[in-house]
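I have placed the structure first, in the form of structure tokens, so that the comments after it can refer back to it.
If you're wondering where the values come from, they're calculated on a predicted model, not measured in any experiment.
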Amino acid sequence: MLSSLTAFAFLNGIAQPCSSQRTTTGAASATTFRIPGEFEPTRALWLSYDTGHRELTLSLVQTLLPYVKIKLFVASQENAHAVRQLLGERGISIGDIDFFTNPLTKFFLRDVSSMALGSNGRLSNVSFQWSDYGLPGWCQRRYAGNQDQIKHCSGDSGKSQNGSSHEIARLTGANILESKLFIEGGAIEVNGKGLIIANENLLKQRNPGMSIPSLEKALLALPGIRKVIWLPEGLAEDPQGRATIVGNYVAWGTGGHTDEFVRFADANTVLLAWPDDHDAALHPVTRLTRLRMQRNFDILSRVSGPTGERLRVVKVPMPKIIERRVFLSSAAERAWSQEWTADFFPPQERRREGDAVFQVASASYLNFVIANEVVVVPDYLNHGTNPATQDRVRRILESAFKGRQILFVDAISANWVGGGPHCATLKEPLTSFA
């Protein structure tokens, strides 16, 4: 999971921009900005190299580079040399990539912030509050009443991450719009014309004690947002942190990021993850997701678009559920340890060291990246999905994104930890205001 991004420095001797100005969403200056839809023109995509996701990073760079400028974070100068060599071995022109270095760089850049466009052609960075995907609340529920365990579990979540979006703003020459919301960029889905889709369960978890009216007020204070569409829950495969879904099925997720289950294809078209009848009948996790998506579909079908007409809701098939057997180890030192341990589960579940559980990947075709003339989609042909299903997904996306190439990359390394290609990229929009 993403941690902190600090002390950025340009490689290649490029001068750093001046310090960014800072305002608060809801202030007068914020009203001149809007968060654009992901389908709008892209100036650049930011990625971060992580050895744990090496293949996905290289595949994304190779696939996206013909369509958009790539800006790539690396951990060190030595790391930059290794990455350049890997890219060169794939025949990728490194001269077309801007490299930046940061010793604390992590993989999921999407969750740092969202970028907004100003009516004067300026770029702004919306800076959200950071709680490491709601980790303190998860720890409080897991270790209710045990303050030492809660503190140990929570670690340093939130202490340094809040400054990361400010650093990215500085590098892009953007000013900063502060939001009081605890949220991540993967949970922000907008149509660029005033609509935002919000996961009610996730927003309440990230912001304990805030009522729905208070949360809605904070969302409406975001740049250009005029209406909130509340959906109850996300995918069952995407729980908060490491948790039991049902029975012995567990997963490691975000708690319901919108980029896993609901995306705008244009200002009036919503794509919704939709498990097939056959799959839902065979697997309890898929069946639970289907029930959740049915509720979401019912809500979205009643919502009006920016010019008063109903939104067009398009169901997008989900891949066949991906699972692996995991044996629980002893207690981990921190809640974000890579190990699956009995200590992650509440006492009433009676999990013990050595128990076997089945980890389900947070797999979805909707965690795609849009960059000008291309849509890069997760590929599940090597993970059990029927080719006919993926071909159906391709045709649906070709219809939704007319004129764009639909390309696939394997993203399984990110799926196991609650992410995907969209999570691994941060969109820098073209600085124009439509």
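Listed by chain and residue number, nothing satisfies the side chain to side chain donor-acceptor pair (under 3.5 Å) test with Ser362 (two or more places apart in sequence, or in another chain). For Glu260, there are no side chain to side chain donor-acceptor pair (under 3.5 Å) partners at least two apart in sequence or on another chain. Checked against side chain to side chain donor-acceptor pair (under 3.5 Å), Ser114 has no partners two or more places apart in sequence or in another chain.
Salt bridge annotation for Glu40-Arg34: present, with a cationic side-chain nitrogen under 4.0 angstrom from a carboxylate oxygen. Under 4.0 Å is where a charged nitrogen must lie from a carboxylate oxygen, and between Asp391 and Arg395 at least one such pair does. Here Lys204 pairs with Glu200 in a salt bridge; the nearest charged N to carboxylate O distance falls below 4.0 Å. Salt bridge present: Arg90 and Glu55 bring a charged side-chain N and a carboxylate O closer than 4.0 Å.
Between the side chains of Arg206 and Ser131, not a single donor N or O lies within less than 3.5 Å of an accepting N or O. In this model, a donor atom of one side chain and an acceptor atom of the other lie less than 3.5 Å apart for Gln240 and Gln205. Glu233 and Asn199 are not linked by any side-chain donor-acceptor pair at a separation below 3.5 angstrom, with hydrogens and angles left out of the test. In the model, Gln390 has a side-chain atom that pairs as donor or acceptor with a side-chain atom of Tyr365 under 3.5 Å.
A 6.0 Å sphere centred on CZ of Arg287 holds more than 12 heavy atoms belonging to other residues, nucleotides or ligands.
From Lys427, atom NZ reaches atom NE2 of His422 across 9.0 Å, with rounding to the nearest 0.5 Å.
In this structure, Lys315 is positioned above the aromatic face of Phe297, its NZ or CZ under 6.0 Å from the six-membered ring centre and within 45° of the axis.
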